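To keep things clear, I will list the structure first and then write my remarks on it.
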Protein chains: 2
Amino acid sequence: MTELDPTARTAPHDGPADPRTEAFQGVREARRNELAEDYVELIAELIHEQGEARPVDIAARLGVKVPTVSKTLDRLARDGLITRAKYRSVFLTDTGRALAKECRRRHEIVLRFLISLGLDPETAERDAEGIEHHVSERTLALFAAFANRS
Amino acid sequence: MTELDPTARTAPHDGPADPRTEAFQGVREARRNELAEDYVELIAELIHEQGEARPVDIAARLGVKVPTVSKTLDRLARDGLITRAKYRSVFLTDTGRALAKECRRRHEIVLRFLISLGLDPETAERDAEGIEHHVSERTLALFAAFANRS
DNA sequence: GCAGATTGTTAGCACTGTCTAACTTTATGC
DNA sequence: GCATAAAGTTAGACAGTGCTAACAATCTGC
């Protein structure tokens with residue numbers, strides 16, 4: 001019954017064998033990172049726009065309460081994406097900055113793609129926010145090509 | 001500071017005023033329903049393919065353990081999407097069936113769209129699984145039009 | 001340079017979603 | 001029709017993500 005049982009289904013791979021199962025596992029994996037990605041992307045943006053990223057601004061942008069942000073920032077710090085000192089604003093580590101850049105890139109491509117498809121910018125922004133965490137590199141390349149072509 | 005403060009930002013709406021904040025809130029809302037949608041869609045599929053939806057099959061498809069499924073099914077039952085009896089397989093309520101149908105529709109459109117964009121079917125399946133919960137009706141219409149046109 | 005406003009932290013609660021371990025029920029194969 | 005295998009449930013742990021309430025630190029405007 002375990003997913004390592006080589007007699008399961010038809011294929012003798014390691015792993016789930018069913019591509020649908022792989023898809024679900026991939027999605028669950030992606031979902032775990034979504035929030036962290038939203039945070040680092042937003043932190044980079046705030047630093048760029050306002051010179052610093054304060055919990056109160058992060059909370060306002062995300063639409064959550066400040067204590068929620070505080071707790072999440074602790075986790076991001078623990079995971080090496082940001083550094084922070086008590087009662088001070090937040091900084092990205094190199095890792096965090098790299099992730100933010102990557103997220104911004106994906107976000108831009110998805111957004112441009114949706115707009116070039118004919119979507120209004122507001123809906124495009126909302127959809128891009130949800131979609132960007134779930135597009136493979138391959139899809140991203142197709143999106144970018146489409147947006148450039150049209 | 002609260003999101004109901006009419007002096008916040010520039011617009012005197014109720015709600016967040018910043019479209020980016022709305023986007024984040026919408027995404028969080030969508031994320032809350034994703035798992036339920038995955039479940040009902042899968043349950044409908046299993047019933048169609050095999051005549052019944054058993055926890056063990058749901059678990060195998062999703063790539064999680066049976067007790068996880070059991071607990072989630074309790075929640076779906078509590079929320080009126082399925083009915084179940086102890087040690088028996090699972091049935092969709094009318095509400096659950098409607099949701100499943102809606103999910104399947106979205107999934108199909110996204111999948112067809114990605115494939116018609118030029119993506120290989122396996123990647124398309126994986127990406128569709130992640131994307132389908134985050135596309136607005138408006139985007140879906142554009143996807144469908146594109147897939148039909150090409 | 002102090003009072004009051006703003007911002008940030010901590011503690012504690014609730015719920016989700018995952019797991020393992022132990023148990024019960026149902027199904028299967030002689 | 002009974003023993004064993006398979007499936008399902010329950011209990012309990014743990015991390016994540018949200019909240020409120022209470023407290024602490026910092027900032028601001030006289």
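Just so it is clear: chains get the letters A, B, ... in the order the sequence lines come, proteins before strands, and each one is counted from 1. For the numbers below, each heavy atom of this structure counts, side chains included, while hydrogens, waters and symmetry mates do not. Treat the numbers as computed from the prediction; the structure is a model and nothing was measured.
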Practice task
Pick base, sugar-phosphate or nothing for A:Arg31, based on heavy-atom distances below 4.0 Å to the nucleic acid.
Solution key: nothing
Practice task
Select base, sugar-phosphate, or nothing to describe what A:Lys71 touches, counting heavy atoms under 4.0 Å on all strands.
Solution key: base
Atom [atom1] of [X] and atom [atom2] of [N]: how far apart are they, to the nearest Å?
| X | N | atom1 | atom2 | answer |
| --- | --- | --- | --- | --- |
| A:Glu52 | D:dT26 | CD | P | 14 Å |
| B:Tyr87 | C:dC23 | OH | P | 13 Å |
| A:Leu73 | C:dT10 | CG | C1' | 15 Å |
| A:Arg32 | C:dT18 | CZ | P | 9 Å |
| A:Asp57 | C:dT6 | CG | P | 14 Å |
| B:Arg84 | D:dA7 | CZ | C1' | 12 Å |
| A:Lys65 | C:dT7 | NZ | C1' | 15 Å |
| B:Asn33 | C:dC15 | CG | C1' | 14 Å |

Practice task
Anything under 30° is parallel, anything over 60° is perpendicular, the rest tilted; go ahead and classify A:Phe113 against B:Phe113.
Solution key: tilted
Handout entry: Nearest-nucleotide comparison on DNA chain D, the residue closer to the 5′ end among A:Arg78 and B:Pro55
Key = B:Pro55
Exercise for the section: Tell me which of A:Val66 and B:Val66 sits closer to the 5' end of DNA chain D, going by the nucleotide each one is nearest to. Expected result: B:Val66
Fill in the blank from the handout: Walking DNA chain C from its 5' end, the first of A:Lys86 and B:Thr68 to be reached, judged by nearest nucleotide, is A:Lys86
Handout entry: Earlier contact from the 5' end, DNA chain C, for A:Arg28 and A:Arg88
Key = A:Arg88
Proximal nucleotide (of [options]) relative to the [X] side chain:
| X | options | result |
| --- | --- | --- |
| A:Leu35 | D:dA7, C:dG8, D:dG18 | D:dG18 |
| B:Pro67 | C:dT25, C:dG8, C:dA21 | C:dA21 |
| A:Val64 | C:dT9, D:dG18, D:dG8 | D:dG18 |

Exercise for the section: Give a yes/no answer on whether the side chain of A:Arg54 brings an N or O atom under 4.0 Å of OP1 or OP2 in C:dT7. Expected result: yes
Practice task
Using a cut-off of strictly less than 4.0 Å, decide whether B:Ser70 has a side-chain nitrogen or oxygen near OP1 or OP2 of D:dT9.
Solution key: yes
Handout entry: Pairwise side-chain contact, A:Arg78 with A:Asp74, heavy-atom cut-off 4.5 Å (strictly under)
Key = no
Handout entry: Same cluster (ILVMFWY, side-chain, under 4.5 Å), B:Leu119 and A:Val27
Key = no
Handout entry: Side-chain donor/acceptor of A:Asp57 to backbone N/O of A:Ala53, under 3.5 Å
Key = no
Handout entry: Polar contact flag, side-chain donor to acceptor under 3.5 angstrom, B:Glu125-B:His107
Key = yes
